[in-house]
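Accompanying notes for the structure given below.
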Amino acid sequence: MIVYNPKDWFHSTFSLHSSDTARKLFPLIMALAAYSGAIAYWELEYLKLSEISWIKNVTLVHNLLGFVMSILLVFRTNTAYDRWWEARKQWGTLTNVSRTLAIKMNAFLPEEDKVNRSFFKKAIPLFADTLFTHLRSNKTRFMLDEVEHPEFNHLDEEKHGPNQVASMIAVRVNAMYKEQVISGDQLIVINNEVQSFTDVCGACERIKNTPIPMSYSSFIKKFIFIYVLTLPIGYVSSMGYFVIAAVPFIFYVMASLELIAESIEDPFGLDPDDLPLEKMAANTRTHVSEIIR
């Protein structure tokens with residue numbers, strides 16, 4: 001995710017970065033400029049359509065369709081941003097739950113219980129690591145010290161990684177209760193955080209596995225394409241050769257909104273505007289290490 005100063009208008013306006021839509025749309029913008037120029041030349045020099053009065057009324061259709069297009073694009077971008085923001089809230093919840101569980105385990109476990117302390121110091125941030133890997137590639141990889149805790153060797157990389165980590169934590173907490181390391185009340189308190197892990201995972205999977213319906217996304221792209229291609233035909237009579245600049249600009253605005261929506265609707269990807277899952281997981285690991293010693 002790109003971190004920037006939203007108050008810096010100069011840098012935001014004149015700088016180009018990898019997610020800038022102008023860079024991606026430049027070939028199509030140039031092609032539309034050439035197409036608009038050809039249509040303008042054909043209508044003005046050969047067909048003389050500018051002398052026909054009813055041709056000027058064609059723009060009324062574009063005005064009505066432009067209003068419909070604006071509603072569709074606003075709904076599209078709002079829906080995509082809602083997915084991005086929901087994912088950010090879920091990872092914020094995961095960070096808070098990890099910290100809370102670490103604080104509780106640090107308070108509940110005796111200082112001399114190095115084994116359980118070491119386990120939770122590694123297992124709690126491991127959930128964020130496996131969830132990050134699960135959302136990015138649907139595979140889980142583990143990089144842990146295998147000396148003190150051989151149970152980590154039994155994690156199956158072909159199975160659901162976050163579920164395995166949450167189950168492993170639940171098994172250890174239950175064993176601690178049976179061994180009377182923690183009380184029944186403490187077990188109930190810890191169970192809330194363990195359940196929150198799976199709740200966050202399920203919410204992220206819902207976002208990841210439920211994209212915008214293809215029929216809706218495809219319709220908007222076709223609408224933009226047909227709308228822009230017909231613009232020069234109607235506006236040449238009133239704008240003349242100025243359509244060479246106007247039509248590509250209108251296409252740039254509309255297509256950019258669609259590209260922005262596509263970029264943020266999957267917040268777990270590798271686009272510049274996607275969530276920095278690696279950084280969030282690393283921060284969780286650092287915070288837990290600071291709490292549990």
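In what follows, every heavy atom counts, from backbone to side chain, and hydrogens, waters and symmetry copies are set aside. We number each residue from 1, following the sequence as shown.
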Intermediate values then yes/no, side-chain contact (heavy atoms from CB on, under 4.5 Å), L126 and M168: CA-CA 11 Å; L126 178 60; M168 186 172 57; 4.1 Å; yes
Ion pair K221/E262, N-O distance below 4.0 Å: yes
If Ile, Leu, Val, Met, Phe, Trp and Tyr residues are connected whenever their side-chain heavy atoms lie under 4.5 Å apart, and connections chain through other members, are F26 and L259 in the same group? yes
Over 60° means perpendicular and under 30° means parallel, so classify the ring planes of Y216 and F75, tilted if in between. perpendicular
Considering all heavy atoms of both residues, which atom of L25 and which atom of S256 are nearest to each other, and what is their separation? CD1-OG, 3.6 Å
Same apolar cluster (I L V M F W Y, side chains within < 4.5 Å links), V228/M30: yes
Is the shortest side-chain N to carboxylate O distance from K89 to E86 below 4.0 Å? yes
Apply the test side-chain contact (heavy atoms from CB on, under 4.5 Å) to residues T130 and H134: give CA-CA distance (whole Å), side-chain angles for both, the deciding distance (0.1 Å), then the verdict. CA-CA 6 Å; T130 54; H134 176 68; 5.8 Å; no
Examine distances only and state if a side-chain atom of R99 and a backbone atom of V288 form a donor-acceptor pair shorter than 3.5 Å. no
Roughly how far, to the nearest 0.5 Å, is CG of D266 from CG of L275? 9.5 Å
Minimal non-hydrogen separation, G269 against D274, with atom names: C-OD2, 3.1 Å
Rounding to 0.5 Å, atoms OH (Y227) and CE (M254) come to a distance of 4.5 Å
Assess whether side-chain contact (heavy atoms from CB on, under 4.5 Å) is satisfied between F223 and L65, documenting all intermediate values. CA-CA 9 Å; F223 198 167; L65 292 179; 4.0 Å; yes
In Å, rounded to the nearest 0.5 Å, how long is the span from CZ of F108 to CD of Q186? 4.5 Å
Check the surroundings of atom OH in Y177: do more than 12 heavy atoms from other residues, nucleotides or ligands lie under 6.0 Å from it? no
Distance from I212 atom CD1 to S218 atom OG, nearest 0.5 Å? 13.5 Å
Mind checking whether F249 and Y252 have parallel, tilted or perpendicular rings, split at 30° and 60°? tilted
Looking only at non-hydrogen atoms, find the nearest pair between E193 and V97 and report the distance. O-CG1, 3.5 Å
Salt-bridge criterion met for R117 and E111 (N-O under 4.0 Å): no
